[in-house]
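Reading through the structure tokens given below for one structure.
Residue numbering restarts at 1 for every chain, and letters A, B, ... go by the order of the sequence lines.
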Amino acid sequence: MAALKTEIIIETRALCYSYAGAEEVPPAVAGIDLKVSRGEYLALLGVNGSGKTTLLKLLNALLIPSQGEVLVKGISTVEAERVQLVRQACGMIFQNPDNQIVATTVEEDIAFGLENMALPAAEIRRRVDQVAGRLGLTHLLRQPPHLLSGGEKQRTAIAGILAMQPACILMDEPTAMLDPAGRRDVLETVKELNKTEALAVVHVTHNPAEAAEANRIVVLEQGRIVADGKPGEILTDLKLLHGLKLQGTVAAELAHLLRQRGLNLPTAILQNRELVESLCISEPVS
Amino acid sequence: MYIGTSKLTHTYWPGTPFAADALKNISFSVGQGTFTLLIGPSGSGKTTLIQHLNGLLKPSAGEVYFDGKKIGPDKAALLALRRRVGLVFQMPEDQFFSETVFDEIAYAPRNLGLDEKKVEERVNRAVAQVGLERSRLLDRHPFQLSAGQKRRVAIASVLSLEPEVLILDEPAAGLDPEGKGNLLNLLSSLNRAGKITIMVSTHHLDEIAALADNLVVLNEGGLVMSGKTKEILARGAELKELGLALPQVTGIMHELAARGLPVSTDIYSLSAACDEILQAKRADQR
């Protein structure tokens with residue numbers, strides 16, 4: 001397992017990207033060196049406009065670097081003839097499930113990427129059935145996508161990527177449009193895949209509770225990495241987060257307010273139960 | 001009845017094998033100047049209901065009321081209704097079409113046939129209401145703004161109609177913590193200082209529940225609960241059954257109460273939670 005963990009899936013070197021026609025505007029990505037290993041679950045935080053989505057698009061060759069490079073399993077994303085390999089290794093889930101469903105039934109949608117890979121029909125069938133079973137979509141295979149819930153649509157999109165047997169899945173606020181049940185559904189699916197198949201995950205989110213589920217957090221500001229660490233370190237460092245106009249988890253924020261008002265609480269509170277525990281044993285206010 | 005529905009039913013694709021009741025026999029009303037949240041899982045009918053309140057859909061059965069009058073099929077009356085009830089769609093910035101921020105916000109008042117001086121007054125007032133720095137932004141292209149600024153421009157472009165009711169569909173989706181905070185302050189001040197009746201459809205109750213007078217809960221096209229925020233959020237188990245979640249701080253308060261800390265559980269914001277916990281701790285000390 002230790003040997004597997006060091007396998008680098010994605011590597012960026014001095015990566016820069018500027019949007020065309022925006023000369024006066026600073027680059028959206030301004031020199032990022034990042035490595036993502038097999039089995040890693042990385043949450044990407046940052047305010048709107050900090051470069052999160054741009055970075056994600058650079059990682060699967062939807063954008064090509066202005067300077068520097070992106071290597072996905074050793075393939076540079078500038079190699080136009082190998083872009084298909086990059087996208088098979090590193091699939092993307094977008095924010096709005098309705099923007100990424102292309103076919104008229106769930107099974108055709110899952111098969112879409114496989115058909116583009118020109119796999120034999122029997123192999124496509126086998127893989128569609130396998131991932132559908134894996135993600136609990138078997139009973140929905142013949143359904144038209146518009147009859148699915150938001151969470152089911154996102155799981156269909158994930159299945160379509162998984163069928164291509166990727167090494168990494170990129171997610172751009174995949175739960176923003178979902179209800180709480182759909183949100184849980186998608187997050188549990190991804191966490192499970194990350195754990196059991198060592199699938200690497202890069203997850204852009206504004207939700208600290210979602211970021212707390214990752215095993216590494218990278219924070220961007222103006223296209224640069226300004227923090228990189230474990231959720232327990234980053235999401236409880238409210239001085240850092242507030243300075244970047246970000247927030248910690250609700251428990252961390254509430255603990256911070258209470259400390260400011262004179263309550264004696266430990267600084268490392270991240271989850272609700274830790275706060276509840278501390279409050280029920282802590283000293284009364286002085 | 002200020003705004004509401006009586007036995008409203010909406011059927012999509014009536015008379016076909018795909019006929020589906022998106023709304024079933026919905027009766028509710030809210031008073032002028034109130035702040036109401038419309039919640040429910042994905043596909044429960046929230047967006048369909050909102051579209052009825054602004055006359056974008058025709059009831060299959062039942063009626064919609066505004067300002068004591070039935071919203072009829074009469075075209076002139078519908079036009080008047082849409083001026084008084086402003087609707088901000090999901091991801092409203094996806095619908096920008098003007099070259100400058102000024103033109104975007106001026107679109108609606110220009111369509112009212114106002115002279116350019118009046119139009120400018122309306123734009124300036126709307127821009128001030130949403131808290132955008134006027135001089136710097138009005139000449140820019142809407143796509144050059146940050147996500148939070150775009151969302152505020154989209155709201156300003158509805159406020160320039162000077163509506164009496166403002167209805168917003170998932171208005172905080174995709175915004176970072178600061179953008180979300182600004183949006184909630186804006187909605188609160190429009191409601192309290194501006195006397196605008198507000199309805200927000202959302203999946204996420206964190207912080208916004210503290211602003212709301214009433215909650216309306218939909219499930220599978222039916223109205224399942226309606227009443228004061230405090231009354232509805234006291235029914236946490238039923239909401240959970242529907243796949244909905246209480247505000248995170250409310251969950252923390254419930255856990256604290258269960259552990260014997262004498263705190264109230266009808267707390268929906270961080271600041272209220274902080275006050276309540278401190279009070280309970282001080283009482284504990286005595």
**Prompt:** In Å, rounded to the nearest 0.5 Å, how long is the span from CD of A/E277 to CD of B/E255?
**Reply:** 9.5 Å
**Asked** Quick one: salt bridge (Lys or Arg N to Asp or Glu O under 4.0 Å) partners of B/E93, sequence neighbours excluded?
**Response** B/R151
**Message:** Could you check whether any side-chain heavy atom of B/Q90 comes within less than 4.5 Å of a side-chain heavy atom of A/N96, counting everything from C-beta outward?
**Reply:** no
**Item:** A/Q247 versus chain B, the contacting section by heavy-atom distance below 4.5 Å
**Value:** both
**Prompt:** In Å, rounded to the nearest 0.5 Å, how long is the span from OG1 of A/T175 to NE2 of B/H203?
**Reply:** 10.5 Å
**Fill in**
Ranked by heavy-atom pairs below 4.5 Å to chain A, first place among B/P41, B/G174, B/A173 goes to B/G174
**Asked** How about B/H204 and A/R183: do any of their side-chain heavy atoms sit closer than 4.5 Å?
**Response** yes
**Request:** Start with the C-alpha gap between B/I39 and A/D179, add the side-chain angles, then the distance that decides, and say whether side-chain contact (heavy atoms from CB on, under 4.5 Å) holds.
**Result:** CA-CA 10 Å; B/I39 64 173; A/D179 59 22; over 6 Å; no
**Message:** Given heavy-atom pairs under 4.5 angstrom as the criterion, report whether the side chain, backbone, both or neither of A/L257 touches chain B.
**Reply:** both
**Straight-line distance of A/E152 CD to B/S42 OG, nearest 0.5 Å** = 10.0 Å
**Message:** To the nearest 0.5 Å, what is the distance between CG on A/L254 and CE on B/M253?
**Reply:** 7.5 Å
**Asked** Does atom CZ of A/R224 have more than 12 heavy-atom neighbours, drawn from other residues, nucleotides or ligands, at distances under 6.0 Å?
**Response** no
**Message:** Does any backbone or side-chain atom of B/L242 lie under 4.5 Å from a heavy atom of chain A? Answer side chain, backbone, both or neither.
**Reply:** neither
**Asked** Going from SG on B/C274 to NE2 on A/H256, what distance comes out if it is rounded to the nearest 0.5 angstrom?
**Response** 10.0 Å
**Item:** Contact origin within A/L45 toward chain B - heavy atom pairs under 4.5 Å
**Value:** neither
**Asked** Donor-acceptor pair, A/N48 side chain versus B/A147 backbone, under 3.5 Å?
**Response** no
**Atom pair CG/CG of B/L256 and A/L275 - distance to nearest 0.5 Å** = 6.5 Å
**Request:** Using modelled atom types only, decide if a donor and an acceptor are shared between the side chain of B/K281 and the backbone of A/L279 within a distance under 3.5 Å.
**Result:** yes
**Item:** Closest approach of B/A245 to A/P180 (non-hydrogen atoms, all atoms of both residues)
**Value:** N-CG, 3.8 Å
**Prompt:** Can you tell if the side chain of B/P177 reaches within under 4.5 Å of the side chain of A/K245, non-hydrogen atoms only?
**Reply:** no
**Message:** If you count every heavy atom of other residues, nucleotides or ligands that lies below 6.0 Å from A/Q271 atom CD, does the total exceed 12?
**Reply:** yes
**Request:** Answer yes or no: is there a side-chain heavy-atom contact under 4.5 Å between B/R259 and A/V276?
**Result:** yes
**Prompt:** Any sub-3.5 Å donor-acceptor pair from A/N272's side-chain atoms to B/I252's backbone N or O?
**Reply:** no
**Request:** Could you give me the CA-CA distance, side-chain angles and deciding distance for B/D275 and A/R261, then say whether side-chain contact (heavy atoms from CB on, under 4.5 Å) is met?
**Result:** CA-CA 9 Å; B/D275 291 343; A/R261 301 267 297 269; 3.0 Å; yes
**Asked** Any residues in residues 214-226 of chain B near chain A, with a heavy-atom distance under 4.5 Å, and which are they?
**Response** none
